[in-house]
Structure formats: C-alpha cells, structure tokens
Number of protein chains: 2
Amino acid sequence: MTTIYDIAKKANVSAMTVSRVVNNTGRISEATRKRVKKVMEEMNYVPNSMARSLVLQKTKMLSLLITDITNPFFTTLARGAEDTAKRYGYKLLFGNSDEDYAKEKDYVDMILSTRVDGVLFAPAGDRSLEPLQQLQNHQIPFVLLDREVPGMEADMVLGDSKEGARMLVGHLIELGHRRIALINGAPDVSTARLRSAGYLEAHKLAGLPVDESLVIYANYRDFHEDSALDGLLRLPSPPTAIFAANNFLAIGVIQALRQRGYRVPEDLSVVCFDDFGPAESLNPFLTVASQQAYQFGSLGMQLLIERIDSESDLPRRKLVLPSELRIRSSTAAPTSINTKAADH
Amino acid sequence: MTTIYDIAKKANVSAMTVSRVVNNTGRISEATRKRVKKVMEEMNYVPNSMARSLVLQKTKMLSLLITDITNPFFTTLARGAEDTAKRYGYKLLFGNSDEDYAKEKDYVDMILSTRVDGVLFAPAGDRSLEPLQQLQNHQIPFVLLDREVPGMEADMVLGDSKEGARMLVGHLIELGHRRIALINGAPDVSTARLRSAGYLEAHKLAGLPVDESLVIYANYRDFHEDSALDGLLRLPSPPTAIFAANNFLAIGVIQALRQRGYRVPEDLSVVCFDDFGPAESLNPFLTVASQQAYQFGSLGMQLLIERIDSESDLPRRKLVLPSELRIRSSTAAPTSINTKAADH
DNA sequence: CTGTTAGCGCCTTCAA
DNA sequence: TTGAAGGCGCTAACAG
C-alpha cells in the first residue's frame with residue numbers, strides 16, 4: 001500500500017505537504033498541490049483511515065445495533081440510519097443481536113475495541129443495562145432506539161407503544177370483541193410492558209374487565225407458545241380476538257391458528273404492531289399499528305451526531321413517535337358462534 | 001481510554017508484558033500474568049484495534065456490500081454472511097448500494113481506506129468492473145455474490161438464474177400460456193441476461209416462438225415502467241402471463257395490473273424469482289423460483305475467508321446454487337377470455 | 001508556503 | 001521470563 005511518504009518522495013515534497021493536500025488544510029501553492037495530486041493519482045493512493053483515526057482520536061464510524069435484521073421494521077430503520085449517517089460523512093457498522101444478550105455483549109466489546117464515535121442501540125431488553133453502562137464508562141455517546149432501559153438515562157427515539165396498543169385494542173372493542181387475548185413480547189422489554197399497559201387502558205376506557213389468563217408472554221422474534229395458545233382456545237370462554245405485540249408474533253400466531261382450523265378474521269380477529277415491508281402491500285391483510293420505522297433510524301442518527309458534534313453537554317432528549325392505526329382485513333366483528341362461546 | 005502503558009505502570013511491568021498477556025503470546029510467569037489481568041479488569045482495559053491493525057497490517061474486518069437492504073433476499077443473505085463471519089472471528093461492515101454505481105464507488109473508497117481484509121460484493125451490474133479492479137489493484141480479496149461481471153475473474157456464488165427462469169416459464173407454458181411477457185431487470189446485470197436466456201430456452205423447448213415485444217427492461221429495485229406495461233396490455237394479442245425477474249418487480253407489476261382492473265391469476269398469471277420473507281408465509285400467493293439466500297451469504301463468506309487465510313493462491317471457485325419452483329396461487333390456466341384475446 | 005519533530009497505541013525484533 | 005527500541009501511517013504543533 002502506498003503511503004504519504006511514497007507520494008512525498010516522488011513529488012519532491014515532505015509528507016506533511018502531502019497530508020495537507022489530502023485534507024485540504026493549510027495553504028499550499030497551486031503548483032505543488034497539482035503536482036502532488038497527480039502523483040497521488042498515478043500511485044493510486046488511498047489514505048489509511050486507521051492511522052488517521054489513531055492520531056485524531058476519532059474514527060468517523062458509527063455503530064448500529066438492531067435486534068433482528070430480518071424484521072422489516074429494523075431494516076427500514078437501518079436504511080434511515082444509513083442515509084443520515086452518510087449525509088454527515090459517517091460510516092456505519094451494522095450489528096445484529098437476535099434479541100440475545102450474549103450476542104449483544106459481544107457486539108459491545110467489538111464496538112469498544114473499534115473505538116467508534118457513537119452507537120445507535122436497539123437494546124435487547126432491560127438486561128442491556130450493563131453493556132450500556134460499559135459504553136458510558138468509555139464515554140462513547142449512544143442513542144437508544146425503540147426500547148427504554150430502566151436505570152439508563154440517555155437520548156432515545158421510541159414509539160408510542162401504549163397509545164398504539166390502546167388504538168388496536170380499542171378498535172377490537174368497537175367491533176364488539178369482549179374477550180381479547182394479548183400475545184406479548186418478553187416482559188423484560190419496555191415496549192412489551194407499554195403495549196400491555198395500552199391493552200389494559202383500552203379495557204378500562206371501555207369499562208371492560210381484564211382477564212389475566214388471556215395474556216401470554218412470548219418473544220418478539222417468533223412464536224413458540226403453542227401450548228399456551230391451546231390453553232387460551234380451550235378456555236370456557238375463549239378469546240374472539242388476539243392482539244399480537246409485533247408483526248412476527250402475529251405471523252406465528254396466525255399460522256398456529258390456521259393449523260388448528262381457525263380462520264382469521266371469521267373465527268378470530270388478529271391485530272399487531274408494525275408493518276411487513278413491501279411484500280405486504282400486495283395483499284394487505286393485517287390490521288396494524290404502523291410505526292414510522294425510517295424515522296426511528298434517521299432521527300436517532302441525528303440525535304447521535306448532534307451529541308457527538310456538540311462541545312457542551314446537551315440535555316437528554318427523548319422523542320416519542322406516534323403510530324397509526326391501519327385497518328385491514330384481519331379484523332371483523334365477532335361472529336354469533338364466537339359470541340355464543342363467549343357467553344358460556 | 002486506558003492503554004497498555006497505563007496497565008503496565010500500575011502492574012509494575014513493561015508495556016510489552018501487558019501486550020503478551022493480552023494476546024496470550026510468549027512465556028509469562030503465572031504470577032505476573034495474574035497481576036496484569038487483575039489490573040486490566042480494574043482499569044477496564046479494551047485493546048485499541050486501530051493501533052493493532054496499524055502494526056499487524058490486518059483488521060479482522062470484512063465488508064459486505066448488497067444492493068438493496070430492504071429486499072428479503074439480501075437481508076437473509078446478510079444474515080448468512082454475518083453468522084459465518086462471526087464464527088471465524090471477523091467483524092462485518094455492511095454497505096448498501098441501492099443498485100447505484102455512484103454509491104457503490106463511494107463504498108469501495110470507504111473499504112479501501114478502512115483496509116478491511118476482504119469483501120463480499122454483490123455488484124450493481126457490469127459497470128461494477130471498475131470498482132472491482134480497484135479492489136484488485138489494492139490486493140483486497142473479494143467474492144462476488146449473486147451476479148457475475150464480464151471481464152472479472154473472481155470467486156463467486158451465483159444462483160442458477162437461467163434454469164430457474166426456465167422452470168418458471170415452463171410452468172406457465174404447461175398451464176397453457178402462449179403469450180408470456182418478461183419484465184426484466186436492467187440488461188447490464190448478469191442475472192437479468194440469464195433470466196432472459198431461460199425465458200427463451202423454455203419457449204424453444206416447447207417449440208414456441210418468442211415475441212420480443214413482450215420483453216420490458218426495468219430495475220430490480222422497483223417497477224416504474226407503467227407505460228411500457230400499458231403497451232403490452234394494448235397489444236392485439238396481449239400476454240396472458242407475466243414473468244417478473246425478481247420479487248420487487250413482481251410486486252410493482254401486480255399493483256400496476258390491479259390499478260388497471262386486472263386480477264391475478266384470473267386475468268393474468270404472474271411468476272417471479274425470490275421469496276418475500278416471513279410475511280409472505282401467511283398468505284402465500286406468488287409462484288416463485290425460490291433461491292437459497294442464506295447460503296449465498298454463508299458460502300460466499302466461507303470462500304472469502306478461505307482465500308484470505310490461504311498462503312498459496314487458490315484456484316478460482318464458482319458456486320452455482322439451484323433454485324426451487326414453488327407453485328402457489330398467482331398462476332392458473334389462461335381463461336377463455338384471455339385466450340380469445342390472444343386469438344385476435 | 002513548506003518542513004521537522006513527536007507521538008497516537010500497539011507489536012516485532014532483539015537483547016538481557 | 002522480561003524489557004527497550006523502533007516503526008506501522010498519519011497529523012498537530014511549531015519553526016522557518
């Protein structure tokens with residue numbers, strides 16, 4: 001690899017002059033600038049960003065950690081983050097924790113040793129506190145995405161999970177549903193708790209009682225709680241609708257329902273958080289609370305870069321993005337059969 | 001940030017000894033090793049990978065460049081690449097060219113300045129030759145994914161586009177279709193040319209003539225060729241089926257068809273390459289040639305790492321992965337109306 | 001406008 | 001088993 005010294009020798013200048021040409025700093029005569037540039041081209045020079053980072057003490061690299069790279073919510077978010085990072089001249093190092101604390105920890109170690117300038121961090125859950133504290137210890141600025149972590153004060157971009165949940169469940173109640181199950185994410189994830197709160201709120205507003213036996217905790221990545229679902233369906237008064245806490249849970253639940261011979265929405269209505277990406281636009285089916293995924297990424301990135309660039313310490317900022325109810329065909333009024341079942 | 005010197009001072013040893021402890025090299029007495037380790041913990045030491053890379057002349061980082069981060073084909077591929085990279089102790093720097101040569105070039109500049117050890121490269125198309133040659137000039141090993149680039153000899157992992165296309169079109173012909181349109185990717189992308197070849201082959205095998213006016217060239221990212229589509233539909237003998245060269249084109253085409261009042265498959269059948277991710281599994285609709293996206297990533301990564309690790313120069317390797325015909329409900333026999341239209 | 005010196009954090013080489 | 005010197009490629013600070 002050619003270095004500034006190689007260029008310097010061939011152009012009959014000092015390395016420092018080459019460095020100045022590369023970075024457009026200081027004053028340089030047009031003549032030498034041209035000469036140096038020409039040699040750089042000839043020798044195909046590319047600056048070594050490692051060496052530069054070492055002396056500048058900054059890398060111009062940022063990290064984005066998401067919890068599921070196959071989920072359209074996060075890929076859309078990633079694109080928002082990437083577009084914004086690029087606009088500010090930052091490179092982006094992606095990482096994927098798979099909702100797994102161990103992988104998340106590995107990733108944080110990597111971040112630390114790479115000395116990135118900042119991190120966009122979608123935490124796996126409450127136990128992400130420790131890796132986040134590590135980032136803090138090492139003075140690496142970060143912004144939380146999508147999920148809060150109790151005990152951690154930081155900039156963050158969240159969705160309004162409670163209100164979104166309230167809308168979804170409110171919609172089901174308006175349709176006439178009275179027995180609504182909740183298939184939630186893990187309870188150590190803030191969005192799961194808030195969606196639960198919204199679920200309760202909707203019941204309260206409608207003056208309906210809540211039956212705790214209608215709530216199942218699962219995992220945002222996929223649905224494996226078949227036996228719990230069977231339990232729900234065998235209840236004396238089974239649910240006529242299901243609120244799945246995210247898109248992938250909804251898919252899993254619907255597949256499980258169909259295996260058991262239930263139709264959606266004829267036998268049960270299903271709603272969930274988050275869209276499904278371009279594929280869904282073909283045959284829009286699920287009634288969802290749609291979140292502005294791209295904005296999560298681009299706004300989060302802006303907060304992060306602002307914090308990195310600001311000399312003084314900014315106050316902590318917390319953005320909450322609303323979601324939007326999109327009524328499609330996975331919801332309907334409960335059928336007489338269902339209502340009868342519910343009357344048991 | 002604490003350095004090996006900070007540790008050294010506190011542990012009463014030289015920096016060199018600390019370095020040896022960190023890397024588990026050389027012989028060190030158990031006593032000092034323990035002492036040093038303890039101080040490292042206390043001070044929360046994390047090695048600076050920039051500094052290390054600078055002297056070792058390798059970064060243990062690889063790059064993955066894909067052309068569309070929102071396309072499930074590529075996110076699945078990315079996960080395969082990531083899993084394998086991690087298994088071998090490499091970090092992965094993602095990049096997204098959006099099928100855009102300019103962005104791709106920027107990305108290659110970034111790769112060069114970051115001095116990554118190797119690149120998994122899904123080229124935007126034939127004009128990617130130049131950035132690839134740059135990588136070659138700088139002796140950075142790479143593996144091509146999904147697409148060939150004429151004039152570039154390299155390791156690669158491809159899908160069998162021709163045979164996949166032949167299967168899809170063969171399926172349409174078996175159903176009775178005789179007028180089959182092809183909405184292809186851009187002609188400077190190798191897969192588009194091969195899918196075109198498979199389309200021709202299927203016709204030839206069935207003894208059917210090919211009508212060039214039934215072929216439209218578009219862009220893999222999305223479908224904007226509405227007027228060209230209108231042209232097809234107004235033909236005296238319009239197509240009764242459409243082969244879209246990838247998943248996103250199929251989505252665009254079907255939406256355009258529906259806007260015009262056509263139903264799929266009643267009025268026109270549609271087939272395409274690639275699946276749609278988990279969302280599609282709910283209401284499987286499109287008949288596709290499904291590619292093993294994860295394998296593209298994981299096998300490509302293996303080839304890359306093998307090449308990086310091998311002292312001698314390996315022969316060039318080219319893997320071609322088969323695709324699988326998945327018949328779903330976007331295809332049906334042509335209706336009498338259509339056949340009548342075709343009889344004009 | 002240009003050059004010299006020193007050092008970012010680490011590891012290789014050689015010496016003790 | 002341990003340490004000292006030097007250098008990876010670059011730039012800040014100072015000098016001319």
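Basis for what follows: all heavy atoms, side chains included, without hydrogens, waters or symmetry-related copies. First the proteins, then the strands, lettered A, B, ... as listed; each starts at 1.
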query: Mind checking what makes ring-ring contact (aromatic ring centres under 6.0 Å, His included) contact with B:Tyr107, not counting sequence neighbours?
result: none

- line: So OG1 of A:Thr3 and NZ of A:Lys9: to nearest 0.5 Å the spacing works out to 8.5 Å

query: Does B:Arg317 pair with B:Glu306 as a salt bridge, N-O distance under 4.0 Å?
result: yes

query: OP1 or OP2 of C:dG3 less than 4.0 angstrom from a side-chain nitrogen or oxygen of A:Thr17, does that happen here?
result: yes

query: What is the distance from CG of B:Leu54 to C1' of D:dT11, rounded to the nearest Å?
result: 13 Å

query: Reckon A:Gln57 has a side-chain N or O less than 4.0 Å from the OP1 or OP2 of D:dA12?
result: no

field: Qualifying residues under side-chain hydrogen bond (donor to acceptor under 3.5 Å, both in side chains), relative to A:Arg87, sequence neighbours excluded
entry: none

- request: Test side-chain contact (heavy atoms from CB on, under 4.5 Å) on B:Thr70 and B:Thr75 and set out the steps.
  value: CA-CA 7 Å; B:Thr70 61; B:Thr75 59; over 6 Å; no

- prompt: For nucleotides 10-16 of chain C, read 5' to 3', which letter fits each nucleotide if B means a protein heavy atom sits under 4.0 Å from the base, S means only the sugar-phosphate is that close, and - means neither?
  reply: BSBB---

task: Starting at CG of B:Leu303, measure out to NZ of B:Lys318 and round the result to the nearest 0.5 Å.
output: 13.0 Å

- request: Could you tell me whether the side chains of A:Arg35 and A:Asn12 share a donor-acceptor contact shorter than 3.5 Å?
  value: no

- prompt: Whole Å only: how far is the CD1 atom of A:Ile7 from the P atom of D:dT11?
  reply: 12 Å

query: For B:Asn12 and D:dG3, what is the distance between atoms CG and C1' respectively, to the nearest whole Å?
result: 13 Å

statement: Taken in chain and number order and not counting sequence neighbours, the residues that satisfy side-chain hydrogen bond (donor to acceptor under 3.5 Å, both in side chains) with A:Ser14 are A:Thr17

query: Tell me, which of residues 27-36 of chain B have any heavy atom that sits under 4.0 Å from an atom in DNA chain D?
result: B:Arg27, B:Ile28, B:Ser29, B:Thr32

task: Not counting sequence neighbours, which residues clear side chain to side chain contact (heavy atoms under 4.5 Å, CB included) with B:Thr67? List them please.
output: B:Phe74, B:Ser97, B:Glu99, B:Ala122, B:Arg147

field: Separation of D:dC8 P from B:Lys58 NZ (nearest whole Å)
entry: 18 Å

- prompt: Quick one: B:Asp6 CG to C:dG9 P, roughly how many Å, whole number?
  reply: 8 Å

message: Using whole Å, what does the distance between atom C1' of nucleotide C:dC8 and atom CE of B:Met1 come to?
response: 14 Å

query: How many Å lie between CG on A:Asn24 and P on D:dT11, as a whole number?
result: 12 Å

